[in-house]
Every structure is written in structure tokens, then in C-alpha cells.
Amino acid sequence: MNYLKNMNKTTRSNMVTYLMVIVAFVIVQGMIATGSISSSLKGQLVPICAYVVMAISLNLTVGILGELSLGHAGFMSAGAFSGVVAAQCFSQNIDNPVIVLILAMIVGGIVAAIVGVLVGVPVLRLSGDYLAIVTLAFGEIIKGIVMNLYVGLDAAGLHFCMIKNTLEMDGGKMLINGPMGLIGVPRIATFVMGFVLVMVCLFVIFNLVNSKSGRAIMALRDNKIAAQSVGINVTSYKLMAFVISAAMAGMAGVLFATNFSTVVASKFDINTSILVLVFVVLGGLGSMRGSIIAATVLTVLPEMLREFSEYRMLVYAIVLIVMMIATNNATVKNALDGFARKFSFKKKSEKGENANG
Amino acid sequence: MEFLFNLISGISLGSIYAIIALGYTMVYGIAKMLNFAHGDVIMVGAYICFFATTRYGLNPLLGVLLSMVVCTMLGIIIERLAYKPLRQAPALAVLITAIGMSYFLQNSAQLLWSSSPKVFQSVVGKGSIKLFDGALSISFVTVVTILVCVIIMIALVTFVNKTRIGKSMRAVSEDKGAAQLMGINVNSTISLTFAIGSALAAIAGVLLCSAYPNLVPTTGAMPGIKAFTAAVFGGIGSIPGALIGGILLGIIEIFAKAYISTQLSDAIVFAVLIVVLLVKPTGLLGKKVSEKV
């Protein structure tokens, strides 16, 4: 207990976040063990983990680094496709699916990080809306390339080609079949692995944010010129945050893809990028806990609203607009605050009366 | 001859992008926000025109006018309800609201008009102009699209540069606070900008669906993003920039489709955008803003 009291505020807040994830995991595991979880929700568990990782990694770019990215799904796509190809190769020699998945995630993360460097070096020279549109463009380019990629695996090894399927293989199988995307994906993703990935990513981000580099990154967000004047290297720190964020998105992509037997490249388009951005903004910029909650709730919510399937996206849109106005408009905010104050005042006075009586 | 044909189709497609891009660029110039819902206003415009002409047999010209009126109202309502309360809010909040508006319009369209594709009857008569003894045939839609774009562009540049209201629009885009001190009604100027942008979106929607007749609730999404790209390409906030950006983008897209690869055309368009932005970070005609320290 004393140790808890002596911790500084940030550490305590981080611990709460870790604890929240662990408690959620234990509860869900308990529900699975007792069979009290619906099958549709059970199918959502791994995607939820993937979206949580996407949200916290994008939060690193948008909330901590302060640059708007509209192409985060592109990194997810790069990671997913390379990771699954790697998984197919590894699974020929390794039987244990957990080790295959871990290796695939590492490969997916590295490939996404390399793409992140390629995108980041030119892109981070720009700022604001220009940066947003260029990340959007990169996301679409990655999607366009992956949609025209053919990869096959046979005894001689991997075969690649673009645009038209001209692979010459003797036997073997297709891994990526152009617009049809990934086919015959080994479904090795598990909820436990998803949980581990969320924890690892949280650990990396919290430690980064509280390190010297993290403070440099946040200084860049708050005032670029001031940060530059005290000797912070703008490009290298920006790139650092951007690439770590990309690598995590790649790992999330591997987790996401290995949960389904087929995955098409158009799944990772601008709409997915925007969906993840919505998680981040609704959860609160820079708040990892908020991102986790928003990603979970907003992934589960449309499923729960299945019975109103026709109206659910409409409701979602209205909720989005109303939330933004309620949290950002000065008049509405003051009215809400005033209401809250009135309410709490009443409570106090009631207490007072009780005491007197 | 094939080259010339592709060039003209490119200019025609680019004209549609340019008209849409005008809406983006004007709104950005004045309200400093990315109006993601603009692409969906195009879709609404196309649906209104579709129902007016195909279902109720209205004169095509009246159909276009009706759809312009409806879209103008829609633009003003969207601005009043969703964007006006967020005048002072951070840019990201406004962006998310615009995205929410875009979802809202798409899903309302889906509920009202179902997601089954409608075949849009071109508002321009069928037929084509034959040049060089029939070696080159250009459809009327293509010609009308280019003409409409030129007329809109001239009208808009004159309006913004020569009239009193245009002057107040430029003033608001330059400095909102100072404009207000000079007695300009900032709110009504912003509303007017949305109205003009949305009316143009209606025209763009009708022209787009006359050339590519498949009409679904997501019709506006991709052209919207492309036109937004065009606006950035030409330098966002600049009206001539939107024209140049739009037309260049259209030409690049058609050429990439014809000579490189149909599937990779979108990727090529975006790659060109990135190259341009790296060489000129504020777009082709964008103003360079120097940072004050």
C-alpha cells in the first residue's frame, strides 16, 4: 500500500490501465470457461484486440506526436500480408502455432516498420492537413499494390509477381491471389495472444512516453520551434514515433488476418483508417486507456445493435456528431458543467438538511 | 488519335474533379476545415436529379436546378447544425464531425433509396461529335462537362474577385477577426460559401453520373477523396489551383488507366500527388506561409 502511495501519478495511471486490461481479460476468460458468452461476441474477441492495438498505436502518432495520419490501415495491411506469408512458410517446419504466430508477428512488425520508414522520411517533412492527405494517399497506394500482388509457395520457395498472375509453379499453393487477397490463411490467432500483444504494446508505449525520447516527442507536439531551439532533432524523433506506431499496426494486422481464413486488401482501406481515428479521438487524444475503451465499445456496439441493423450505422453517425459537439462546444460544455454543478450542489444541500434534521 | 481521345476524356473527368475540388478548396479557404461530407453531397445531388428526371419525368434542366436547390439547402443545414457549434474547436474534432456527417448522409441515402444501384439517365442527349472523318468521336457528355467547368470557373473567379460579397469572402479567409471588425458578417459569409460549394457539388454529381451511370449511396466517396486530393495538389484554398489540380489529376488517371494498368491507376494518381507535395509542399499554386517565431 505504501508503495502504491509513493508511486508518482503517471505510474499509477499506467498501472490502472494495465489492471483494467488484465481484469477485462480475466472476466472474458471466465465467461468463456463457463460458456456464458455469445458466439458472435466470441468471434469478435480477436478483432477487438487487433483494433485496440491499432487504436493505441495510432494514438502514439496522433495524440503523442501530434500528427494526423489517415493511412494507418496501410501499415496494418503491410503487416497482415507479409506476416501471413511468413506464417505459411514457417508452418512448414514448425508445428507449434503459438511460435508460428509470434514469428509471423515479428516479420509483420518489421515489414510494417520498413514501410513506415519509407513513408515517414518524405511525409514527415510536411505538416497539418498536407501530412494527413499524404498519409491517406500512401494508405491507398499500399492497398493498390497489395491488391495486385500474387504470391505462391511451392517446393522451390516463394514466387512473386504483380498485376497479372504469371506465376509458374509446380504444385504448391497460392498465398496471395491478387484482388482475392489472402487465401487459405492458417487460423492461428487466439484471444490469449491478442491479450499478450495488447499488453506488450501498452508496455512499449508507456515506457516510450515516460522516457527522454517520449518527452522530446511531446515537446515537438507542443511547440516545434521551441523544441528545435533546445536541440531536439525533429526528423529523428518524429520518425521514431511514426515507425514504432507503424510496427505495432503491422503486428495488429497479423493478429487480425490470422483470425480469418481469407482476407482481402480492400478491408484495409481509408474507412478502416478513419474508424481507428474515431476510436482515438473519442477515447481522448494521448489517453491510452480511453483508446482501449473506445475501441472495445465501438467494436462491440454495432454487433449488439444487430437487431436495429438498418439504423445502426445511422445511429453511429449521429452519436459521433453529437459527442463531438457535446465535448467541444463551449456553450454546450458550460451548460453540461452547470447542470452537473447544480446537481452536486443539490446533493450537498440535501446532506446538510439531513444532518440538521 | 488514341492519345487525343484519352487526353479529352482525361480533361472531362478532370473537370468533374475540379468542380468538386472547388467546394473543398473554398470551404477550406474560409472555414479552415476539411469537409469530408462534401463527397456525399454529390451523391445526394445525383439522387435528387435521378428521381426528378427518371421517376417524375421532369425536364433535365429543371432536374439539375432542383438538385442544386436541394443541395444548397442541405449544405447550409449541415453547416448550421454540425460545423457552426464547432467554430472554436480543435481541427481534429471538426474533422471527425465531418466524417460523422459523411456516414450520416451515406446511411440516410441507403435507408431512403436502398443500396441497389440505380441506372442514371444522362441529362445530356446521347450522341457524339465526330472529328477527323470519324476517327475521333467525343460524346456530348464529355463536351458539356468541359464547357460547364469552364463556365463555372470563369463565373466563380469573377464573383470572388469583382463583387462585394466575393471581397468579403476573401477577407474572411484572410483574417476572420479583422473581417468582423470591418463589419463583415462572418457567419453568413461562411454559410454562403457552403451554399456555393454544395450547389457546385450538385452539378458535379449530375455530370459524374451522366458519364458513369451507376448510382449507389457510396457513389460520392471515391470521387470526393480524389477531388480533395486534387484540391491539395493545386494548393488548397486557391480557386485556380483547384482547376489545375483537378484537370491534371483527371488526365493522369485516364493515362495511367490507358497506358500502364487499370488496377494500379489510383495508386499512380496518389503517387504523383506525393511527388508534387514533396517538391512543392503547399501544392502547385498554394501560398507559402512563413512561420513566425
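Just so we're on the same page: letters track the sequence lines, and every chain starts at 1.
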Which region of B:L111, side chain (C-beta onward) or backbone (N, CA, C, O), has a non-hydrogen atom less than 4.5 Å from a non-hydrogen atom of chain A, or is it both or neither?
side chain
Those residues of residues 220-230 of chain B, ordered by number, that approach chain A below 4.5 Å (heavy atom to heavy atom):
B:M222, B:I225, B:F228, B:T229
First locate atom NZ of A:K143, then atom CG of B:D266, and finally report the distance between them rounded to the nearest 0.5 Å.
7.0 Å
Could you tell me if the side chain of A:I133 sits less than 4.5 Å from the side chain of B:I236, heavy atoms only?
no
Measure across B:L273 and A:A137 and return the closest heavy-atom pair with its distance rounded to 0.1 Å.
CD2-CB, 3.9 Å
Given that the side chain runs from C-beta out, which part of A:V62 has a heavy atom under 4.5 Å from chain B: side chain, backbone, both or neither?
side chain
Nearest atoms (heavy-atom pairs only) where A:A317 meets B:F104
CB-N, 3.5 Å
Does atom CD of B:E174 have more than 12 heavy-atom neighbours from other groups under 6.0 Å away?
no
Please classify the contact of A:L131 with chain B as side chain, backbone, both or neither, using a heavy-atom distance under 4.5 Å.
neither
Please report the interatomic distance CE(A:M324) to CG(B:L95), rounded to the nearest 0.5 Å.
10.0 Å
Going by residue number, which parts of residues 241-253 of chain B are within reach of chain A, meaning a heavy-atom gap below 4.5 Å?
none
Looking only at B:A89, B:P85, B:A267, B:A82, most heavy-atom pairs under 4.5 Å shared with chain A are made by B:P85
What part of A:L285 gets within 4.5 angstrom of chain B, counting heavy atoms only: side chain, backbone, both, or neither?
side chain
So which heavy atom on B:G100 is nearest to which on A:L320, and how close?
CA-CD2, 3.7 Å
When B:Y103 is tested against each of A:I318, A:I321, A:I274 for side chain to side chain contact (heavy atoms under 4.5 Å, CB included), which residue passes?
A:I274
Residue pair B:L81 / A:I325: nearest heavy atoms and the distance that separates them:
O-CD1, 3.6 Å
Please state whether the side chain, the backbone, both or neither of A:V278 comes within less than 4.5 Å of a heavy atom of chain B.
both
Region of B:L105 in contact with chain A, defined by heavy-atom distances below 4.5 Å
neither
Max heavy-atom pairs within cutoff under 4.5 Å with chain B, candidates A:V322, A:I270, A:T327, A:L314, goes to A:L314
Sort B:L34 into side chain, backbone, both or neither according to what part of it lies under 4.5 angstrom from a heavy atom of chain A.
side chain
Heavy-atom contact with chain A under 4.5 Å, split by part of B:L277
both
Among B:A93, B:A271, B:S265, which residue forms the greatest number of heavy-atom pairs with chain A at distances under 4.5 Å?
B:A93
